[in-house]
Amino acid sequence: MGSLITRTLQKSLKRPFRFLYWSANSFNHKMCAMDSESLGFYTGRCILDFPPKSSRSSTWYVAAAGFCAFSSSLLAGSYSTSQSEEDSEENAHDQQNVKRKARVVFVLGGPGSGKGTQCEKIVENFGFTHLSAGDLLRAEINSGSQYGVMIQNTIKEGKIVPSEVTVHLLQKAMNGSDNDKFLIDGFPRNEENRAAFEAVTGIEPEFVIFFDCPQEELEKRLINRNQGRVDDNIDTIRKRFKVFEESTLPVVQYYERKQKLQKINGAREKEEVFKSLKPLFLPFLEEELLQLTKELLNGIDEGDYALYKRLCDPSLTAFEPDAQGHLVEGLPFHKFYLDMSKRFPSPSKPHSQVSSPKITFIGDEVALVTYTRLVQSTKDGVPCVEAFNETRIWQRGLDDSGIAVWKLIHFHKSKCPLHRAHHKSKGSPHSCKE
Ligand SMILES: Nc1ncnc2c1ncn2[C@@H]1O[C@H](COP(=O)(O)OP(=O)(O)OP(=O)(O)O)[C@@H](O)[C@H]1O
Ligand SMILES: Nc1ccn([C@H]2C[C@H](O)[C@@H](COP(=O)(O)O)O2)c(=O)n1
């Protein structure tokens with residue numbers, strides 16, 4: 001119900017307030033609206049029960065959403081009066097959503113369960129950006145921010161920093177990154193964290209990893225961690241365990257109910273734990289390789305040799321129809337064709353499409369991408385299509401700056417047999433070679 005409220009409120013609210021939520025405890029019920037840029041904070045006492053006791057609760061929520069939208073507009077002095085203003089606001093909002101199309105995996109587990117350790121491995125292997133909520137908060141302390149003392153004291157107490165601070169730091173880090181895949185470690189630590197992140201960013205995680213590990217093991221690891229952290233002492237460790245059980249486990253259970261939880265036994269050797277994580281991330285790698293293959297084909301259609309050179313290993317080997325049964329080695333053979341298509345462009349640029357792709361991994365660093373390539377073009381004003389079966393082998397290695405990149409090391413291309421019946425039907429596209 002909490003997320004329904006925040007979604008309803010967010011929809012009614014649009015902008016300028018990006019963060020609006022109910023803060024309810026046994027003493028009072030507050031309605032809070034927050035501008036996530038300035039961390040400005042507005043609260044007003046709420047006259048409604050939360051959670052509502054009556055069956056007409058949804059009416060209350062809608063009324064509350066309307067009230068919030070209206071009052072926050074007044075506070076910001078930007079109440080929208082015309083349809084066109086509303087439209088352009090909608091567009092700006094959508095553009096912001098594009099930026100928000102990030103994909104997120106949350107990584108949870110007790111203190112010392114190996115979240116940071118495993119995130120490092122995932123980053124190395126699957127191209128994610130790692131954002132540790134704890135690291136961002138520690139960096140905020142060190143930056144001399146006005147929230148530094150409050151954050152430091154909260155961490156020393158083993159407690160959880162208010163969501164508006166943590167979510168703001170996460171959002172800033174995500175917006176400042178070129179990547180669109182994020183591993184968010186140590187977050188959400190409580191229900192408030194979870195609802196605030198969803199309300200501010202509009203993002204739900206792809207899935208949530210939970211490292212399950214007995215407390216005795218965690219305690220041993222934290223005592224031995226030796227990284228000079230203010231919270232790695234037995235007093236704070238015990239407080240953190242309590243906060244984990246009381247506040248974080250309910251979030252874990254929430255994602256379990258939503259069938260988004262991936263529970264991993266974290267009490268094993270580091271490598272064993274990582275082995276269990278790999279299958280969860282393979283779909284991201286498959287997607288990356290397919291994208292890379294499409295980028296390459298597009299480059300070939302465009303006659304873009306610079307792109308071809310960037311994606312291919314200099315000692316690329318190939319079997320392809322133009323080489324008439326010979327194995328071709330290196331890039332010059334291919335450069336000839338790409339340069340030709342640049343110098344003598346055909347009236348209609350060819351357009352390649354990938355059909356029925358299949359990706360197979362051979363170990364961690366080699367992948368086989370097989371598919372049928374359909375190349376559309378026109379010949380004498382008539383649409384034509386050619387089909388090829390292609391197998392491309394990609395290998396991952398480190399580039400000059402030590403970043404892991406995939407390079408094409410071999411491909412095999414053969415022309416598909418013609419489908420006579422199809423090509424004879426009048427008016428349909430036919431093969432260019434027919
Ligand atoms: N599978 C493992 N077996 C043994 N030790 C481990 C394992 N995974 C991590 N460790 C060690 O335990 C300590 C805590 O690990 P790590 O910092 O990754 O945990 P964390 O979950 O990120 O902790 P926190 O929530 O406190 O930031 C480190 O010293 C790390 O080297
Ligand atoms: N969502 C979060 C994450 C972390 N903190 C604070 C409280 C934690 O004890 C501390 C260290 O985090 P870790 O490095 O163990 O992930 O940082 C928080 O308040 N909210």
Side-chain angles (χ1 to χ4, degrees), residues 2 6 16-46 50 72 75-76 106-112 115-116 130-177 182 184-201 222 225 227-251:
T6 45
F17 291 105
R18 297 211 214 127
F19 181 21
L20 189 136
Y21 68 99
W22 296 92
S23 157
N25 58 33
S26 46
F27 303 110
N28 61 5
H29 308 267
K30 283 183 188 164
M31 189 161 55
C32 309
M34 190 188 108
D35 173 351
S36 67
E37 300 289 3
S38 63
L39 287 179
F41 208 68
Y42 307 89
T43 65
R45 264 194 85 78
C46 176
F50 183 77
S72 62
L75 278 168
F106 288 145
V107 184
L108 295 176
K115 300 183 291 295
H130 175 207
L131 297 178
S132 153
D135 285 351
L136 289 172
L137 289 167
R138 283 184 284 273
E140 189 69 1
I141 299 173
N142 295 333
S143 73
S145 127
Q146 55 175 315
Y147 302 104
V149 176
M150 179 275 286
I151 299 172
Q152 169 96 340
N153 291 338
T154 312
I155 289 181
K156 245 194 215 158
E157 278 302 303
K159 290 185 182 157
I160 297 172
V161 174
S163 300
E164 52 267 36
V165 174
T166 318
V167 171
H168 175 75
L169 293 174
L170 285 171
Q171 199 189 22
K172 205 166 83 179
M174 287 167 77
N175 283 340
S177 166
F182 298 94
I184 303 193
D185 153 13
F187 185 95
R189 279 286 223 276
N190 59 13
E191 178 55 25
E192 191 207 28
N193 268 186
R194 186 198 67 70
F197 183 84
E198 205 179 300
V200 172
T201 65
L222 292 175
R225 180 154 55 180
Q227 286 175 358
R229 279 177 50 163
V230 292
D231 51 354
D232 278 354
N233 59 76
I234 195 67
D235 274 357
T236 313
I237 289 172
R238 298 244 160 103
K239 284 182 190 159
R240 293 172 71 202
F241 285 158
K242 192 160 180 286
V243 169
F244 171 73
E245 276 178 2
E246 288 174 359
S247 304
T248 313
L249 276 183
V251 179

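Of the residues listed (Asn193, Leu169, Thr166), the one engaging Val161 in a side-chain contact (heavy atoms from CB on, under 4.5 Å) is Thr166, and it is the only one.
The environment of Lys239 atom NZ is dense: over 12 non-hydrogen atoms of other residues, nucleotides or ligands sit within 6.0 angstrom.
Checking side-chain atoms of Ser177 against main-chain N and O of Ala173 turns up no donor-acceptor pair under 3.5 Å. When atom types are taken as modelled, the side chain of Lys115 and the backbone of Gly110 share a donor-acceptor pair closer than 3.5 angstrom. At least one donor-acceptor pair under 3.5 Å links the side chain of Thr154 to the backbone N or O of Met150.
Taking 4.5 Å as the limit, every side-chain heavy atom of Gln171 sits out of range of all side-chain heavy atoms of Met174. Inter-residue side-chain proximity for Val165 and Leu137 is flagged as met; some heavy-atom pair is nearer than 4.5 Å.
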(message) The test is salt bridge (Lys or Arg N to Asp or Glu O under 4.0 Å); show your working for Arg240 and Asp232 and say whether it passes.
(response) CA-CA 10 Å; Arg240 293 172 71 202; Asp232 278 354; 3.7 Å; yes
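Scanning all heavy atoms of the two residues, the minimum distance from Glu157 to Thr236 falls at C-CG2, 4.4 Å. Contact between Ile160 and Ser247 at its shortest, heavy atoms only, is CD1-CB, 4.0 Å. Looking at every heavy atom in both residues, Asp185 comes nearest to His130 through OD2-NE2, 2.9 Å. Listed here is the closest heavy atom pair of Val251 and Pro188: CG1-CG, 3.7 Å.
Take Asp235 and apply the side chain to side chain contact (heavy atoms under 4.5 Å, CB included) test, not counting sequence neighbours, and it matches Asn233. Legend: residues meeting side chain to side chain contact (heavy atoms under 4.5 Å, CB included) with Gln152, ordered by chain and number and at least two apart, are Ile141, Lys156, Val230. Scanning for side chain to side chain contact (heavy atoms under 4.5 Å, CB included) contacts around Gln227 gives Arg225, Arg229, with sequence neighbours left out.
Interatomic distance, Phe197 CZ to Ile184 CD1, rounded to the nearest 0.5 Å: 4.0 Å. Atoms CZ and CG, on Phe106 and Leu131 in that order, are 10.5 Å from each other to the nearest 0.5 Å.
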